[in-house]
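One structure below.
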Amino acid sequence: MSSSPEKILAVAPMMAWTDTHCRVLHRLFSPHALLFTEMITTGAILNGSPERLLRMHPSESPVACQIGGNDPAELAKAAQLVEAAGFKEVNLNVGCPSEAVRLGRFGACLMVHPKLVSEAVQRMRDRVTIPVTVKCRLGIDQHDSESFLQAFVGTVHEGGCQTFYVHARKAILKGLSPAQNRNIPPLHPQRVYNLKRHFPDLTIVLNGGVTDVQTAKAHLDHVDGIMVGRAAYHNPRFVGELESCIFGTSPTDELGTFEAYLEYIDAQLMTGTRLFDMSKHLIGMFGGHRGARRYRRLLSDATRRNSNDAAVVREAVGYICRTAA
Ligand SMILES: Cc1cc2nc3c(=O)[nH]c(=O)nc-3n(C[C@H](O)[C@H](O)[C@H](O)COP(=O)(O)O)c2cc1C
């Protein structure tokens with residue numbers, strides 16, 4: 001794979017993880033990645049407080065906002081608010097297998113309702129100018145053939161969706177927790193490659209199990225982009241490594257990046273943000289370095305972190321600096 005600006009590097013939507021602070025950190029490692037919010041339901045956007053839910057720091061952009069719902073009219077209204085909040089893309093969740101989401105009849109169970117998804121995409125597109133995209137699985141339960149996935153993508157494309165993020169495993173809707181549904185059904189990246197071959201004009205981004213640069217490069221020979229979830233969260237430096245590999249950007253200096261995030265923490269503390277809401281995203285940062293265990297232990301210390309004093313973060317990174325010196 002040659003470095004190409006057309007390839008997509010995306011950091012996956014992850015509930016309770018990819019909040020605004022996490023995205024600021026990932027952006028420091030990667031100027032080009034497309035970052036995703038956590039899934040936000042239409043109910044929360046339309047009946048809750050959209051200003052708070054759709055809050056974004058200016059440095060994060062470009063960010064795709066992922067929404068969850070099944071009512072095309074509500075999805076269209078929510079998409080409008082998403083665009084007004086400054087997001088560059090609105091993405092519909094058709095992959096979440098959780099019990100609550102299944103009972104709400106959205107997420108992965110929508111894979112067996114492609115016409116509804118297509119209509120929702122069309123209604124959203126009527127209301128916004130930003131791209132409307134879909135994140136889905138290979139299938140659900142017994143609906144897991146390649147022809148099923150092709151029919152789903154083909155129908156949703158008729159509604160105007162050009163870009164699909166495909167988690168390369170199916171979801172099993174009863175009997176597995178969301179975490180098990182991210183590990184137990186086997187990954188089939190070849191099926192995502194085949195999907196791209198079947199729809200060469202669509203943008204197909206592969207998600208699932210990308211934990212090293214070599215695997216990412218191998219996928220990029222077959223699809224338009226990769227989306228990385230857990231590996232990006234547990235080791236934010238990995239996003240920087242992918243950035244360098246895909247876009248040819250000079251590698252980031254992790255201590256410099258850490259300092260930049262500390263400046264962000266200092267500024268946010270002044271506005272009343274809790275330290276731990278920001279420092280928790282740093283816990284995986286220096287894995288593999290000497291001193292990383294003491295660093296993690298200090299950052300996780302409940303008494304210190306609740307003090308809302310960034311000194312604890314500076315002290316923690318001192319363990320890394322001292323051992324590296
Ligand atoms: C804690 C957590 C929360 C997640 N929340 C969402 C979500 O809100 N929306 C979504 O589409 N996928 C969600 N996912 C799934 C990821 O986006 C991704 O599809 C999955 O983790 C597989 O990618 P990976 O192997 O690179 O982690 C979540 C995953 C994790 C670990």
Side-chain angles (χ1 to χ4, degrees), residues 10-23 34-58 60-137 140 152-153 155-167 171 178 203 205 207 227 229:
V11 179
M14 289 179 280
M15 289 282 273
W17 288 7
T18 50
D19 59 15
T20 177
H21 313 304
C22 174
R23 298 190 306 259
L34 178 63
L35 305 178
F36 275 68
T37 64
E38 312 161 76
M39 179 184 73
I40 313 174
T41 63
T42 49
I45 295 176
L46 300 177
N47 310 317
S49 66
E51 303 76 27
R52 184 179 55 79
L53 290 168
L54 301 177
R55 190 163 61 100
M56 196 179 27
H57 189 267
E60 292 174 37
S61 193
V63 181
C65 180
Q66 188 186 63
I67 60 178
N70 62 10
D71 180 308
E74 288 186 0
L75 285 163
K77 273 194 228 157
Q80 230 177 344
L81 293 174
V82 164
E83 180 170 45
F87 291 93
K88 298 293 181 223
E89 177 174 321
V90 58
N91 175 263
L92 180 61
N93 182 323
V94 190
C96 180
S98 84
E99 173 88 346
V101 164
R102 183 172 58 82
L103 295 176
R105 297 208 176 83
F106 62 101
C109 65
L110 288 179
M111 285 205 78
V112 289
H113 300 288
K115 286 215 165 71
L116 177 62
V117 177
S118 184
E119 186 196 338
V121 167
Q122 197 165 17
R123 297 279 287 273
M124 287 194 271
R125 289 188 76 233
D126 288 345
R127 298 280 276 270
V128 298
T129 58
I130 53 176
V132 177
T133 64
V134 164
K135 179 169 180 275
C136 64
R137 297 264 185 154
I140 55 169
F152 173 81
V153 167
T155 306
V156 176
H157 170 54
E158 282 166 20
C161 182
Q162 291 291 334
T163 302
F164 292 81
Y165 302 87
V166 187
H167 184 171
T203 302
V205 179
N207 167 239
M227 171 182 260

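Values in this document were obtained by computation on a predicted structure and should not be read as measured data.
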For residues 112-126, which residue pairs qualify under salt bridge (charged side-chain N to carboxylate O under 4.0 Å, His left out), counting only residues two or more places apart or in two chains?
Glu119-Arg123
Residues in salt bridge (charged side-chain N to carboxylate O under 4.0 Å, His left out) contact with Glu38, at least two apart in sequence or another chain:
none
How many angstroms lie between CG in Asn47 and CD1 in Ile45, if you round to the nearest 0.5 Å?
10.5 Å
Determine whether Cys136 and Val166 satisfy the following criterion, side-chain contact (heavy atoms from CB on, under 4.5 Å), listing intermediate values before the conclusion.
CA-CA 5 Å; Cys136 64; Val166 187; 4.2 Å; yes
Test of understanding: with ring pair (Phe, Tyr, Trp, His ring centres under 6.0 Å), list the residues that count as partners of Phe152, not counting sequence neighbours.
none
May I ask you to decide if Thr163's main-chain N or O and Thr203's side chain share a donor-acceptor pair within less than 3.5 Å?
no
Less than 3.5 Å apart, which donor and acceptor atoms pair up between the side chains of residues 60-67 and the rest of the protein, not counting sequence neighbours?
unit_1, atom_1, unit_2, atom_2, d
Glu60, OE1, Arg23, NE, 2.6
Glu60, OE1, Arg23, NH2, 2.9
Glu60, OE2, Thr20, OG1, 2.4
Glu60, OE2, His57, N, 2.8
Gln66, OE1, Asn93, ND2, 3.2
Gln66, NE2, Asn91, OD1, 3.1

Flag side-chain contact, heavy atom, 4.5 Å: Thr37 against Pro13:
no
Heavy-atom check, side chain of Pro72 versus side chain of Leu116, under 4.5 Å
yes
Once rounded to the nearest 0.5 Å, what's the spacing between atom CZ of Phe36 and atom CG of Asn207?
9.5 Å
Output every pair passing salt bridge (charged side-chain N to carboxylate O under 4.0 Å, His left out) with a member in residues 40-58, not counting sequence neighbours, ordered by first then second residue.
none
Approximate separation, where rounding is to 0.5 Å, of Leu92 CG and Asn70 CG:
9.5 Å
Quick one: side chains of residues 73-88, donor-acceptor pairs under 3.5 Å with protein atoms, not counting sequence neighbours, listed by atom name and distance.
unit_1, atom_1, unit_2, atom_2, d
Gln80, OE1, Arg127, NE, 3.0
Gln80, OE1, Arg127, NH2, 2.9
Glu83, OE1, Thr129, N, 3.3
Glu83, OE2, Thr129, N, 3.0
Glu83, OE2, Thr129, OG1, 2.4
Glu83, OE2, Ile130, N, 3.2

Can you find a heavy atom in the side chain of Cys96 that is under 4.5 Å from one in the side chain of Lys135?
no
Residues passing the side chain to side chain donor-acceptor pair (under 3.5 Å) test with His157, sequence neighbours excluded, are none
Quick one: side chain to side chain donor-acceptor pair (under 3.5 Å) partners of Asp71, sequence neighbours excluded?
none
Among all residues two or more places apart in sequence or in another chain, which pass the ring pair (Phe, Tyr, Trp, His ring centres under 6.0 Å) test with Phe164?
none
Please report, to 0.1 Å, the donor-acceptor pairs under 3.5 Å made by any side chain of residues 99-111, with sequence neighbours excluded.
unit_1, atom_1, unit_2, atom_2, d
Glu99, OE1, Arg102, NH2, 2.5
Arg102, NE, Leu173, O, 3.3

Do Pro97 and Arg137 have side-chain heavy atoms sitting under 4.5 Å apart?
yes
Expected output: side-chain Thr18 to main-chain Met14 donor-acceptor under 3.5 Å
yes
